[in-house]
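See below for the structure under consideration.
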Amino acid sequence: MAEHSPSINYADFCIAVDPQRTLNFGDEGDRLCYIDFTPIRGDKVIRKLKSRIMTHRDKGTCSLFMGHVGCGKSTELLRLKKELEQEKFFVVYFKGDDYLDKSDVSIAGVLFVIAGQVSQALEQTISPVSGRLQQLVLGFRDTLFTELEVEAQAKLGGQKLGVDSGKKELKLSTIFGDLTMRAKNDPKWRTRLNDYVTPQLTQLIYGINNDLIRPGIEQLKEMGYRGLTIIIDNLDRVDDRPSASGRSKQELLFLDKAEDLASLDCHTVYTMPLRLRFSNEFGALKNRFSFKPECLPMVPTMTREGNVLKEGIDKLKQMVLARALPSLSEEERMDRVSEIFENEDVLERLCRASGGHVRELFRLLLQWAEEETGLPLTTDSLKEVIDEEAREMQLRISAAEWALLRQVHESKEVSDELEYQQLIHTQMVFEYSYGRGPWFDVHPLLLEGDKL
């Protein structure tokens with residue numbers, strides 16, 4: 001019963017609501033904190049992705065998944081991972097920005113990271129045979145080491161640098177991992193690797209498919225697995241600045257190299273930059289992939305008509321309370337709201353101010369808690385936090401942007417113009433899918449003044 005549960009400690013509460021915390025659906029403790037927003041978010045995105053993989057389990061599929069940074073994509077992808085594992089799929093999940101420099105992502109770099117992560121995962125379960133691929137990658141590595149050593153010797157007047165090509169370790173995952181991390185941390189390495197590998201992409205993809213993925217799937221099926229799925233998270237964080245060609249790194253990867261991204265003979269799920277959805281090339285992007293990109297919208301707190309949406313706010317309340325009281329039922333949590341907040345109304349005020357953006361809600365909550373320095377959190381301190389956040393946000397907005405924001409607020413629509421893309425990229429405009437969706441509205445903090 002709720003009355004027998006331990007009291008809520010302020011320090012523990014602040015740790016529990018850390019905005020950077022991603023719930024791992026595979027962890028039993030984190031699962032207690034998970035709230036299913038599917039009934040009010042609109043499209044059942046994760047259910048679609050899972051069904052697609054299950055339906056086409058003997059044929060590789062490539063899916064794109066997008067949404068605002070911080071809206072909960074990673075949590076949902078980890079839920080997909082857990083559910084697929086329960087269906088006896090071997091799932092390799094990793095965050096792309098752990099191994100790639102976000103400002104300089106190439107298709108060669110992405111494929112190297114995928115091959116490295118897949119080989120590492122398979123080596124822990126089976127005995128992959130990838131001799132030809134291994135020789136190909138060793139050739140890449142040895143050539144690069146030789147070139148760099150020759151250059152270094154020339155700079156040092158012929159003195160040997162002593163670069164070690166590391167031939168003693170022949171594990172495929174180690175070779176890929178070494179090259180990947182060198183490329184991430186050293187721009188010269190990254191440029192050389194891309195220049196050397198890009199002309200041989202066809203050969204590299206052939207090797208990954210025929211010497212790593214296909215033989216790996218055959219061995220996995222002998223062990224009772226139904227297939228292989230690779231989930232690459234955080235690839236939506238690729239830099240959107242234009243390259244030397246004038247196209248952004250996002251366009252170069254997801255448009256120009258779409259065929260290569262979709263070329264692996266297993267199931268792949270990539271997170272894609274939301275900005276591309278509002279590009280005038282989005283139609284071309286959809287035509288390059290077999291399946292329409294899926295979008296995870298915000299949790300709605302208001303209807304399209306501007307009425308308070310109780311179902312959405314109640315879900316967000318439970319999300320907050322579950323972090324503090326994970327082991328309790330929803331009813332028991334609500335009975336203890338007053339231990340954390342001055343009243344239930346002020347918790348609702350927080351939820352509405354976030355616009356249904358998960359990370360934004362926790363960021364405001366943590367800022368509120370630090371302002372208060374103790375529990376329960378009060379109405380007055382929340383007002384101070386909201387007023388300060390609203391002022392800071394509004395200071396960054398130009399007169400032209402205010403005009404666009406008024407149009408969005410009135411019409412609940414956006415176009416593919418660059419100005420609208422910028423509003424979405426900077427999270428001044430959110431997307432929802434409830435009722436007649438999808439539709440758009442401005443960040444609620446922009447409604448705090450008289451500009452709109």
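The basis for the numbers below is simple: all heavy atoms, side chains too, and nothing from hydrogens, waters or symmetry mates. Just so you know, residue 1 is the first one in the sequence shown, and it goes up from there. All of these numbers come straight from a predicted model, not from anything done at the bench.
One finds a salt bridge joining E448 and R349 here, because a Lys/Arg side-chain nitrogen approaches an Asp/Glu carboxylate oxygen to under 4.0 Å. Taking 4.0 Å as the cut-off between side-chain N and carboxylate O, E28 and R31 do not count as a salt-bridged pair. Note on R214 versus E218: no salt bridge recorded, every NZ/NE/NH1/NH2 to OD/OE distance being 4.0 Å or above.
No side-chain heavy atom of R57 sits less than 4.5 Å from a side-chain heavy atom of M54. In this structure the side chain of Q422 reaches within 4.5 angstrom of the side chain of R275, judged on heavy atoms. In this structure, M428 and V442 have side chains that are not in contact, with every pair of non-hydrogen atoms separated by 4.5 Å or more. Side-chain contact between K50 and F89 is absent, with no heavy atoms from C-beta onward closer than 4.5 Å.
A donor and an acceptor atom, one from each side chain of T38 and R47, are nowhere located under 3.5 Å apart. A donor atom on one side chain and an acceptor atom on the other are not found under 3.5 Å apart for R277 and Q421. Between the side chains of H68 and E360, no donor-acceptor pair of N or O atoms lies under 3.5 Å. Looking only at atom types and distance, the side chain of D97 has a donor-acceptor partner in the side chain of N234 under 3.5 Å away.
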Go through it in stages, so that I can follow the logic: the residues are D186 and K188, the test is salt bridge (charged side-chain N to carboxylate O under 4.0 Å, His left out), and I'd like the CA-CA distance, side-chain angles, deciding distance and then a yes or no. CA-CA 5 Å; D186 186 336; K188 180 184 287 187; over 6 Å; no

Start with the C-alpha distance between K81 and E85, add both sets of side-chain angles, then the distance that settles salt bridge (charged side-chain N to carboxylate O under 4.0 Å, His left out), and finish with yes or no. CA-CA 6 Å; K81 175 180 183 291; E85 288 172 341; 2.7 Å; yes

Can you list the steps and then say if K221 with D58 is a salt bridge (charged side-chain N to carboxylate O under 4.0 Å, His left out)? CA-CA 11 Å; K221 286 186 174 181; D58 294 324; 3.4 Å; yes

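In summary, of the residues considered (T180, N185, D178), a side-chain hydrogen bond (donor to acceptor under 3.5 Å, both in side chains) with R182 occurs for D178 alone.
Taking the ring axis of Y225 as reference, the NZ or CZ atom of K88 stays within 45° of it and closer than 6.0 Å to the ring centre.
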